[in-house]
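Data block below; observations after.
Computed over heavy atoms, backbone and side chain alike; hydrogens, waters and symmetry mates excluded. Owing to the predicted nature of the structure, the values given are computational and were not obtained by experimental measurement. Just so it is clear: chains get the letters A, B, ... in the order the sequence lines come, proteins before strands, and each one is counted from 1.
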Amino acid sequence: MEIKESIKVNIQSALKKLGVCLNVDDITIDQSKDPTHGDYASNIALRFAREFKKAPAEVAKLIIENLDMNQFDKVEVAGPGFINFFVKKSSITNIIETIIDQGKDFGRGETKNKKVNIEFVSANPTGDLHVGHARGAAIGDSIARIMEFNGYTVIREYYINDAGNQINHLGESIEARYKEALGLPFSLPDDGYHGEDIKDIAKIIVNEKGDSLVNTNSLDFFMTRGMELELDKIRKDLKTYGVVFDVFSSEKAIRADNAIDKELKFLSNHTYVDGGATVLKTTDFLDDKDRVIVKSNGEYTYFLPDICYHVNKLERKFDLLIDVLGADHHGYINRMKSALMMHGYDKDILEIELIQMVRMMKDGEEFKLSKRTGNGYTLRELCEDVGVDAARYFFVMRNANSHLDFDLDLAVKQSSDNPVYYAQYAHARLCSILDSGKEFNLNKKADLLKENSELALIKMLSSFPDVVKLASDERAPYKITNYIHDVAEKVHQFYTNCRVIDKDNIDVTSSRLALCLASKIVLENALHLVGVSAPTHM
RNA sequence: GCGCUUGUAGCUCAGUUGGAUAGAGCACUUCCCUCCUAAGGAAGGGGUCGGACGUUCGAAUCGUCUCAAGCGCGCCA
C-alpha cells in the first residue's frame, strides 16, 4: 500500500479506538516541506479538536497513543497540534517493488464503471487547425488519457457542424479555386475562405475530376468532397499530434430523421412565442435569459440542433459529458445545462471545461491568429517548428482557465530553457544508467537506500497515484506536468548526489538500479498521460 | 449596467482544497565534470499574495465590499 494511504488507515483505526468514525478520505496527510517536521504531517487533530472538546495538542496526543507504531520511527506533536510522522525507511522503500511489479499500470485507478464522453476540438472542417484548437486538443486528449488511466471508460468525440453556412462558403470557395486552376474566370465569394489550402484542395479535385464539373451545378459535390479532404487533413494532423478520436459526429446526421422537430415538440412545454419566434424558457432553470430556438422566419438558431446533439450523446448512455470549449463560450454553459434539465437530467451530467485564449509570442510580439485571412499559425506548422512533445507540454503546462503566452522562441530553441527537455532528460539519464548497469542484479526490496535524495525521490514516486486521482477529478492535466517536473527534479538531485553503478559496492548498486527503474516507470507513465514521449537517449 | 474568469517575484506561472518560514521556471550574481549524459546540481538577491474589512487557534486560499484586466450578455455560430 502507498505510504500516505497506510498512514491514513492507521489514523482511522486510532480514531475508531477513540470512538470517532471517519472516512479515509476525510483524513488529510501532507508531505512535510521541512525535514524537521518528519516525512508526513497531519492536521487531523486541529480539524477535529472541536468535536473532542479538547485542545488540539491534547487530541493529537490521544491519537498518537492509539496508533500502530510499526511503520514509524517516531511520531510527535508539533506546533498548535500537527502530528508529524517519521516513517521507517523500510516503509518508504516498499513502494519500489510495487512500482516495478505494476509497471505501466502503476498509478492506475480502480475501474469506475462509468462512461465519459469528452468532446473537444470540433473545429469546422473548413481549413487547418490553428493554435487555439491545438491547446484544446492537448488538454482534451490529456484529460481523456488521465481519466482513462484513473478508471473511467472514455470516448473522445469530435463534432462536425456540417449543416451550417460555413460549409456552403467552403464549397463556393473551392469551386472558385477549381475554375482558377483550370484557367477559367472565377470570383471568390466575400464570405469565403481565401487561404492557400483551398487552392490545394481545388487541385486535388481537378486531378480527380478533370474539367467535368465546370458547367454543372456541382456545389454539393464541392461541399462534401471539400469537407472530406479538409477532415482528412485534420485527422492526419491530429494523429501526428498524438490525438485520435473514437467518434466523429455529424450535425447533418443528427438532424436526419426529423430529430430537430421531435426535439422541438419535446421542448414545447418550455417554450413560448415572442414576435413570431419560439423562445425556450431556460430561465426556469439556470439561465439569466430565455433563448430563441426558432427564428420568426422559421429557421432554427444554432442552439436547437446543439441541444439535439447533446441529447443524442446522452441517449448513447454516458454517465458524464465533458465539452472542452473556448472561454468565450462561457455564456453557453447554463443555457445548455438548462435544456438538458428539461430532459430530466441533472445539471452535473454536463461539464464544460473552458480553455482560455493562447497568445503566440515571437520576438516579443503577438502573432494574430486569423484563419479567415489565411495567415493563421497552424497546428501543423507548430509541430514542425517546435515538435509534438514541446507543443503538447507547453499547452498543458498551465491551468486551462488562465491565459497562455506561448513563447515560440523558447519552444523552438530546443535547449535546456525548455521545460519539456528537463523532464525528458531525466528519463533519458535513467535509461542510460540502467543500460550501463544491465549486468547487475536489481534488488526490488531496495533496502539499502537511505540518502536524503533517495528517500525524497521515493516519496515523490509514491504519490503518483494520488496525483493521477487529483488530476482526473479536477480535469487538470497541468497537475501532471507539475508532478513530472517535481519527479525530474528529484531524479536529477539523486543523480548528482548518488553514484549508482559502483563495482565495489554491488549491494547498493542493485538497490539504486531498482530505484532508477521505478523512477523511469513513473516518469514514463506520467509523460504518457500528457502525450509526451519518454526518450531513452537525447 | 449584469454575468463569467483572472490579479502571487522583473517575466510566465504553481501553491497538495484553511496549516508550520509563500514556491518553481526564465532572467540576474557566484560555485561544481579524472567518475553512470553539465539538456545537470549547489548557493544568492528579488514579495504589501491588487486593496479594505470580516469569519477563527490559523487566510494567498473562505465571505462581503472595492479596484484593474480579459471575455460574454443577437431572431450570429
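- The aromatic ring of A/His37 stacks onto the base of B/A20, its centre lying under 5.5 Å from the centre of the six-membered base ring with the two planes under 30° apart.
- Both thresholds, 5.5 Å between centres and 30° between ring planes, are met by A/Phe82 relative to the base of B/A20, so the two rings are stacked.
- In this structure, A/Ser402 reaches the B/A14 phosphate: one of its side-chain N or O atoms is under 4.0 Å from OP1 or OP2.
- Phosphate proximity of B/A38 to A/Tyr495: present, with a side-chain N or O under 4.0 Å from OP1 or OP2.
- A parallel orientation is assigned to the rings of A/His485 and A/Tyr422, their planes being inclined by less than 30° (bins at 30° and 60°).
- B/C73 is paired with B/G1 under the criterion used here, namely a Watson-Crick or G-U wobble arrangement in which both key atom distances are under 3.5 Å.
- Of the side-chain N and O atoms in A/Tyr393, none sit less than 4.0 angstrom from OP1 or OP2 of B/G25.
- Side-chain nitrogen and oxygen atoms of A/Asn482 include none within less than 4.0 Å of the OP1 or OP2 phosphate oxygen of B/A24.
- The phosphate of B/U16 (OP1 or OP2) has no side-chain N or O of A/Gln31 nearer than 4.0 angstrom.
- Within the 4.0 angstrom heavy-atom criterion, base atoms lie near A/Ala428.
- Searching all strands for a Watson-Crick or G-U wobble partner of B/G47 with both distances below 3.5 Å returns nothing.
- At the heavy-atom level, A/Leu46 lies under 4.0 Å from base atoms of the strands shown.
- The listed nucleotides are B/C36, B/G19, B/U5; the one nearest the side chain of A/Asn43 is B/G19.
- Here A/Phe85 and A/Tyr40 keep their ring centres 6.0 angstrom or further from each other.
- Looking at A/Asp306 and A/Tyr332, their side chains do bring a donor and an acceptor atom within 3.5 Å of each other.
- Judged by a 6.0 Å distance limit and a 45° cone about the ring axis, A/Arg429 is positioned over the six-membered ring of A/Tyr495.
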For each nucleotide in nucleotides 67-77 of chain B, reading 5' to 3', give B when a protein heavy atom comes within less than 4.0 Å of its base, S when such contact involves only the sugar-phosphate, and - otherwise. ---SBSSSBSB

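- Residue A/Arg47 places no side-chain N or O under 4.0 Å from the OP1 or OP2 atom of B/C57.
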